[in-house]
Amino acid sequence: MLRVSAKLAGDTVDLTALTGACEDKDAGVKHGALLLAFAEAVMSRDSATLTMARDALEQASSAGIVIEAAGVAANFQRMVRIADATGIPVDDMTSELGTTIREELGLYAFESAANSVRKD
Amino acid sequence: MSNLNQALTERPDIQIALSNYFLFLAKPGYWWHGAQKVAIAAAARAASTCALCAEKKAALSRGQIKTLHPESDLLSPLIIDMVHQIITDQGRITDTQIQALEQSGVSRLAYAELVGIVVCLFSIDEFCRALSQPLPELPEPQPGLASQRTPENLETKTGFVPMIARDGLTEAVQDLWPAGFGANVIRALSAAPDLVRQWKQLAAVFYLPLEEMGNLAQSASRQLNRMQMELLAGRISALNRCFY
């Protein structure tokens with residue numbers, strides 16, 4: 001989705017940002033570094049880190065964007081748990097683009113890969 | 001009033017979706033009555049600070065830690081263990097565990113409903129926590145029996161739980177996904193259709209309505225563009241080690 005939305009916008013995005021390995025802190029996305037820091041702060045469960053990341057994002061953008069960012073993070077905290085708790089496989093494991101991205105990002109090392117790989 | 005609180009008042013859709021979920025949570029479900037649903041939500045809320053879960057998460061194999069969570073009046077230790085694992089160590093849930101639950105009397109249909117209750121509550125709590133807002137109080141359960149209703153056209157070949165076949169929507173559940181859509185993550189909870197409705201409602205306010213997901217540029221109702229949303233979503237998923 002990220003790569004396709006970037007292509008549609010005529011931008012180039014560094015997908016390694018998803019695994020924290022991106023050298024360009026913004027990864028080619030406006031406020032990318034702040035959004036990534038916010039995601040990591042949410043996952044850290046450390047309230048001081050979270051407050052700092054949230055304040056930095058709000059200062060660079062707006063309170064409305066912070067609320068949307070919290071919503072997206074909360075949404076995907078749910079989605080990953082639906083996928084893993086129900087053991088669903090990736091819908092299309094045959095696409096070349098998907099395979100390449102999964103290999104590039106090292107996603108096959110995740111435990112939950114077994115739900116998709118075993119069904120191939 | 002802080003800028004964040006002011007901005008929250010400008011998103012009444014979020015408050016409505018949250019309130020709707022708690023009204024839903026209090027009512028008897030398909031396989032769990034109201035008090036059990038609220039107890040499942042309370043267990044989900046307690047998981048993030050559970051010391052036993054931290055120990056199990058750190059173990060090379062969860063089986064190394066034989067201790068079970070203490071039972072409650074309404075939920076067995078095995079059920080509480082699973083609720084906590086969905087929050088704290090979801091990547092290591094296996095079909096063998098679902099079989100063990102089944103043998104203890106929790107059917108796969110009931111498990112699908114339980115997953116839905118847990119993940120919707122967790123999503124709401126995570127939203128509040130991300131904004132340092134107080135967590136909403138859990139509702140008083142309503143009396144009544146579980147309906148034990150099951151939708152038609154369930155298939156059992158996709159994941160750990162039965163789900164409505166991609167082209168199996170009947171009139172009673174035709175609102176669950178648009179014709180031709182039916183990605184596995186949408187079908188995953190469809191054995192308990194009201195849970196799909198609840199997560200769709202939450203997704204519509206936290207992320208995007210299902211109907212707008214095809215718009216990969218900029219939603220008219222959002223300030224974040226789609227690249228920004230997907231960057232955040234992807235990082236959260238990667239940190240959760242989610243392959244899907």
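Counting heavy-atom pairs under 4.5 Å between each of B/Ala130, B/Cys128, B/Ala7 and chain A puts B/Ala130 at the top. With chain A as partner, the option from B/Asn5, B/Leu239, B/Val115 having the largest number of non-hydrogen pairs under 4.5 angstrom is B/Leu239. Most heavy-atom pairs under 4.5 Å with chain B, from the set A/Leu107, A/Val66, A/Ile82, A/Val13: that is A/Ile82. In terms of heavy-atom pairs under 4.5 angstrom with chain B, the leader among A/Arg54, A/Glu111, A/Arg102 is A/Arg54. The candidate from B/Ala233, B/Cys120, B/Ala238 with the greatest count of non-hydrogen atom pairs under 4.5 Å with chain A is B/Ala233. Of all the listed residues (B/Glu126, B/Met227, B/Glu230), the one sharing the greatest number of non-hydrogen pairs under 4.5 Å with chain A is B/Met227. Chain A forms the most heavy-atom pairs under 4.5 Å with one residue out of B/Gly234, B/Ser2, B/Cys242, and that residue is B/Cys242.
Using a 4.5 Å cut-off between heavy atoms, A/Leu35 touches chain B through backbone and side chain atoms alike. For A/Arg81, the parts sitting under 4.5 Å from any heavy atom of chain B are the backbone and the side chain alike. For chain B, the nearby parts of A/Arg45 are the backbone and the side chain; heavy atoms of each come within less than 4.5 Å. Residue contact with chain A, scored on non-hydrogen atoms closer than 4.5 Å, is absent for B/Glu10. With a threshold of 4.5 angstrom between heavy atoms, B/Leu121 does not approach chain A through any atom at all. Of the two parts of A/Ser61, neither the backbone nor the side chain holds a non-hydrogen atom closer than 4.5 Å to a non-hydrogen atom of chain B. Heavy-atom distances place both the backbone and the side chain of B/Val161 under 4.5 Å from chain A. If you measure heavy-atom distances from B/Met82 to chain A, you find no contacts under 4.5 Å at all. Both the backbone and the side chain of B/Tyr244 come within less than 4.5 Å of a heavy atom in chain A. Proximity to chain B (any heavy atom under 4.5 Å) is restricted, for A/Glu58, to the side chain, taken from C-beta onward.
Across all their heavy atoms, B/Phe127 and A/Ala70 have their closest contact at CD1-C, 3.7 Å. Looking at every heavy atom in both residues, A/Ala39 comes nearest to B/Leu232 through CB-CD2, 3.7 Å. Smallest separation of non-hydrogen atoms from B/Ser123 and A/Arg78: OG-NH1, 2.7 Å.
The side-chain heavy atoms of B/Met229 and A/Asn75, taken from C-beta on, include no pair separated by under 4.5 Å. Looking at B/Leu231 and A/Leu18, their side chains come closer than 4.5 Å, going by heavy atoms from C-beta outward. Proximity of A/Leu50 to B/Arg129: side-chain heavy atoms (C-beta onward) are separated by under 4.5 Å at one or more points.
B/Tyr111 contributes a side-chain N or O that, together with a main-chain N or O of A/Ala85, makes up a donor-acceptor pair within less than 3.5 Å.
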Which donor-acceptor pairs under 3.5 Å do the side chains of residues 87-94 of chain B make with protein atoms, sequence neighbours left out?
| from | atom 1 | to | atom 2 | distance (Å) |
| --- | --- | --- | --- | --- |
| B/Thr88 | OG1 | B/His84 | O | 2.9 |
| B/Asp89 | OD1 | B/Arg92 | NE | 3.4 |
| B/Asp89 | OD2 | B/Arg62 | NH1 | 3.0 |
| B/Asp89 | OD2 | B/Arg92 | NE | 3.1 |
| B/Asp89 | OD2 | B/Arg92 | NH2 | 3.1 |
| B/Gln90 | NE2 | B/Asn240 | O | 3.4 |
| B/Gln90 | NE2 | B/Asn240 | OD1 | 3.4 |
| B/Arg92 | NH1 | B/Ala59 | O | 3.1 |
| B/Arg92 | NH1 | B/Leu60 | O | 2.8 |
| B/Arg92 | NH2 | B/Lys56 | O | 3.0 |
| B/Arg92 | NH2 | B/Lys57 | O | 3.2 |
| B/Arg92 | NH2 | B/Ala59 | O | 3.2 |
| B/Thr94 | OG1 | B/Gln97 | N | 3.4 |

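Using a 4.5 Å heavy-atom cut-off against chain A, the contacting residues of residues 202-224 of chain B are B/Leu202, B/Ala203, B/Phe206, B/Tyr207, B/Leu216, B/Ser221, B/Arg222, B/Gln223, B/Leu224. The contact list for residues 184-200 of chain B toward chain A, using heavy atoms and a distance under 4.5 Å, reads B/Asn184, B/Val185, B/Ala188, B/Leu189, B/Trp199 by residue number.
Between the CG atom in B/Leu131 and the CD1 atom in A/Ile67 there is a gap of 6.0 Å [rounded to 0.5 Å]. A/His31 NE2 to B/Asn225 CG: the interatomic distance, rounded to the nearest 0.5 Å, is 9.5 Å. Considering CZ of B/Arg241 and OG1 of A/Thr19, their distance stands at 11.5 Å, rounded to 0.5 Å. To the nearest 0.5 Å, atom CD of residue A/Gln77 and atom OG of residue B/Ser237 are 9.0 Å apart.
B/Phe160 pairs with exactly one of A/Asp84, A/Asn115, A/Ile88 by the side-chain contact (heavy atoms from CB on, under 4.5 Å) rule, that one being A/Asn115.
For B/Arg235, the salt bridge (charged side-chain N to carboxylate O under 4.0 Å, His left out) partners at least two apart in sequence or on another chain are A/Glu40.
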